[in-house]
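All chains are named by letter (A, B, ...) in the order of the sequence lines, taking the proteins before the strands, and each is independently numbered beginning at 1. What you see below is based on every heavy atom in this structure, not just the backbone, and it leaves out hydrogens, waters and symmetry mates.
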2 protein chains.
Amino acid sequence: MSRPTIKTIAQETGLSIATVSKALNDSPQVRPETRALVVAAAERVGYQLNMHGVQLRTGKTYQVAAIMTAPGPKQNEWEGVEYAQLLSGISWALEDSPYRVSLYAVRSFEESIATIRQIVSLKKADGIIVSGTHADDPRVRLMQEADFPFVTYGTTIHNAPHAYVDADNEQMIRLSVARLAERGHSRIALINPMADLSYSLTRLEAYRKALDIAGLVFDPALTAHGHLTPAFGRENVLHMSSLPNPPTAYICANEASALGAFSGFHARGLVHGRDAVINATDDLNVSQYFAPPITTYFLPIHEPSEMLGRYILRRMEGEAPEALQTLIMPKLIERSDDRLVKS
Amino acid sequence: MSRPTIKTIAQETGLSIATVSKALNDSPQVRPETRALVVAAAERVGYQLNMHGVQLRTGKTYQVAAIMTAPGPKQNEWEGVEYAQLLSGISWALEDSPYRVSLYAVRSFEESIATIRQIVSLKKADGIIVSGTHADDPRVRLMQEADFPFVTYGTTIHNAPHAYVDADNEQMIRLSVARLAERGHSRIALINPMADLSYSLTRLEAYRKALDIAGLVFDPALTAHGHLTPAFGRENVLHMSSLPNPPTAYICANEASALGAFSGFHARGLVHGRDAVINATDDLNVSQYFAPPITTYFLPIHEPSEMLGRYILRRMEGEAPEALQTLIMPKLIERSDDRLVKS
DNA sequence: ACATTAAAGTTAAACGTTTTTATTGTGCGG
DNA sequence: CCGCACAATAAAAACGTTTAACTTTAATGT
């Protein structure tokens, strides 16, 4: 047989399709007993709402677009981003809703703008989740101008208020630097993400402020911005460790670059805890397996990602963006004392 | 004002909507001149096909469901699977088609069965891509019985022929073992994925056969099956290295477990290249940053993933599954000589 | 008792397509 | 010059749903 529709239920119950539709949508226009009848019949025939009819009629898509900026095929370097977990978290948060996650993989920032423009103008989704925010993000402006529901993973700095979820980078860096300073480090390197990313700026400013408070001088030679690959971490250690006055601590923005930093240690014959130490920000929970394990700020990725899902739902229901802003503070996991032991 | 439809074009050209529709679909029933007229008008008004109308009318969804089995929120252990790249690759392969990737994140094998059953019976997608195949996979049977287009990432062993893409695990293990045997290793450990996964069995059998050919004895104590996390790699090194006759080589099924194996080396005071060596299968391209770098078989994940996308398109067009089967041989990257140097 | 109102349904239109069926016009053989 | 085939287009129905507008029935107030 063919799939049952509301027409099937109408015949089954002797009601009109309009009443059936209203009953299924909990309209107050239908008596509770009638509703019960309809629901029973629906159950009996195994009715399942056909979304295509709904979509055509209402114009809603019941899709949440997840924009994922993944490096192109050429780029084989690992960046240690657990996008998969991010996507799963969003997907799970939408589980009990009629919404589905629709994936838009793009290769570059520019392409993500074009994709979002298309989604907005052709209404290919009801909401958008976008990550890798810039300090002044044209995509955010675009969506705001169109009054399109969205949530960002990452804050912006120059844009009007919008819904976001992010790790508390400011606090994380402030505490990191203070902790290392307390332990006697005066030359602290900051391995930072690409400079156009919003959290890069946040981290850099927090870093400068924290140095200031600790009475340490800011040296531009100890900061680096780039793609957070192992290669990047390695290069920076190779370079910075051969400066006249090399750093004794490296704060890496993720575990991939931290792994690369270790590789640099190995190449230079540096010993962790004697010549310098490495700290990281962590969402893979992998740095406990480094040799030796390092101190990290750990944020299980499912927390922000499920929040992204919940927030986009609420945003699509019209909730104000100001109410949907959260910074999550990662947990400090001290796996090393991080004081240098001269031997 | 509102979005143009074929009705708009009909008015614009003075034709009927039927003719417009046919013209846009390259029907032979319409004169080339008329078609040109229609296309010009469509261009002029900025017409874009509304999928909801098409979907309702034709019953096609233009969605490809990607089933992603991701560990639940509790499970914070990294498994080193670049799902994100996999999804991007699929998404890119579908770029020039009307199809979109729709994500179905599930927590377990059982849930993936239920999800697939639903997609098939309610026709929530036109094709399915599924990974993590079992030797005898009920999902494959399910889709085959319903004659539903699908491609698997991973082979099956007991199922009827179907479209798949996979790394050539058999050859990879065979060559790995032979290479290590040549280099004087007689105790070779196999760190394998969960035993119910198809490629686990493939690898195990290839391993046994290769040992046989090399004249080495198979010792069950040197094989382990489990989730390919760093923890698993570490545990196995800790355990196996304290056997009366410990292995001198570890073949790890991925980089996450290889990283964990290194952590085990560190804990036991083992030195890579003196006491034992680690080899891996690699799609992150990360093991070059281990200290020291290790020999791996490398398969850039975008290759199989784009192939998955192309295959599902062809499968949905009705191509026979037998024509859509590919094993890709990863490339051997020798980063270490892997002969033990007694010091 | 009768108009008024509220409650509970029904009818019909609409969303944007595709596709089957019907209509019109043209050139052709006889 | 008449019927016929064929080409090109038009008309209409259909996919499954929601919703505005309407109808019927019952309850209410005076």
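Mapping His52(B) and Val20(A) onto DNA chain C by nearest heavy atom places Val20(A) closer to the 5' end of the strand. If Pro32(A) and Val54(B) are placed on DNA chain C by their nearest nucleotide, the residue sitting closer to the 5' end is Pro32(A).
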Requested in this report: Could you give me the CA-CA distance, side-chain angles and deciding distance for Val64(B) and Arg100(B), then say whether side chain to side chain contact (heavy atoms under 4.5 Å, CB included) is met?
Outcome: CA-CA 6 Å; Val64(B) 170; Arg100(B) 292 290 118 219; over 6 Å; no
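As rounded to whole Å, 13 Å separates atom P of dT19(D) from atom CG of Leu56(A). Per the geometry, NZ belonging to Lys123(A) stands 14 Å off P belonging to dG16(C), to the nearest Å. One can place CE of Met51(A) at 12 Å from C1' of dG16(D), the figure rounded to the nearest angstrom. Going from atom NZ of Lys7(A) over to atom P of dA13(D) covers 13 Å, rounded to whole Å. Taking atom CZ of residue Arg57(A) and atom P of nucleotide dT17(D), one finds them 13 Å apart after rounding to whole Å. Rounded to whole angstrom, the span from the CD atom of Gln29(B) across to the P atom of dT9(D) amounts to 10 Å. Between Lys60(B) atom NZ and dG16(D) atom C1' there is a gap of 19 Å when expressed in whole angstrom units. Atom-to-atom, CD1 of Ile6(B) to C1' of dT17(C) comes out at 5 Å; the value is rounded to the nearest Å.
Using a cut-off of 4.0 Å between Lys/Arg side-chain N and Asp/Glu carboxylate O, Glu319(A) and Arg315(A) are scored as not salt-bridged.
When the side-chain nitrogen and oxygen atoms of Thr5(B) are compared with OP1 and OP2 of dG16(C), none of them lie within a distance under 4.0 Å. The side chain of Asn25(B) places an N or O atom within less than 4.0 Å of a non-bridging phosphate oxygen (OP1 or OP2) of dT18(C). Residue Tyr62(A) has no polar side-chain atom (N or O) positioned under 4.0 Å from OP1 or OP2 of dT17(D). Between dA7(D) and Arg31(B), no contact under 4.0 Å exists linking OP1 or OP2 to a side-chain N or O. Taking 4.0 angstrom as the limit, Ser16(B) places none of its side-chain polar atoms (N or O) nearer than this to OP1 or OP2 of dT9(D). The phosphate of dT18(C) (OP1 or OP2) has no side-chain N or O of Thr58(B) nearer than 4.0 angstrom.
Between dA10(D), dG9(C), dT11(C), one nucleotide has an atom nearer to the side chain of Leu15(B) than all others, and that is dA10(D).
At a threshold of 4.0 angstrom between heavy atoms, the contacts of Ile17(A) include nucleobase atoms, whether or not backbone atoms are also involved. Counting any heavy atom pair closer than 4.0 Å across all strands shown, Ser21(A) reaches a base atom.
Remark: side-chain polar atoms of Thr156(B) are not paired, donor with acceptor, to backbone N or O of Ala135(B) under 3.5 angstrom.
Between the side chain of Lys22(A) and the base of dT17(D), no donor-acceptor pair of N or O atoms lies under 3.5 Å.
The environment of Asp26(B) atom CG is dense: over 12 non-hydrogen atoms of other residues, nucleotides or ligands sit within 6.0 angstrom. Within a 6.0 Å sphere centred on CD of Glu95(A), other residues, nucleotides and ligands contribute more than 12 heavy atoms.
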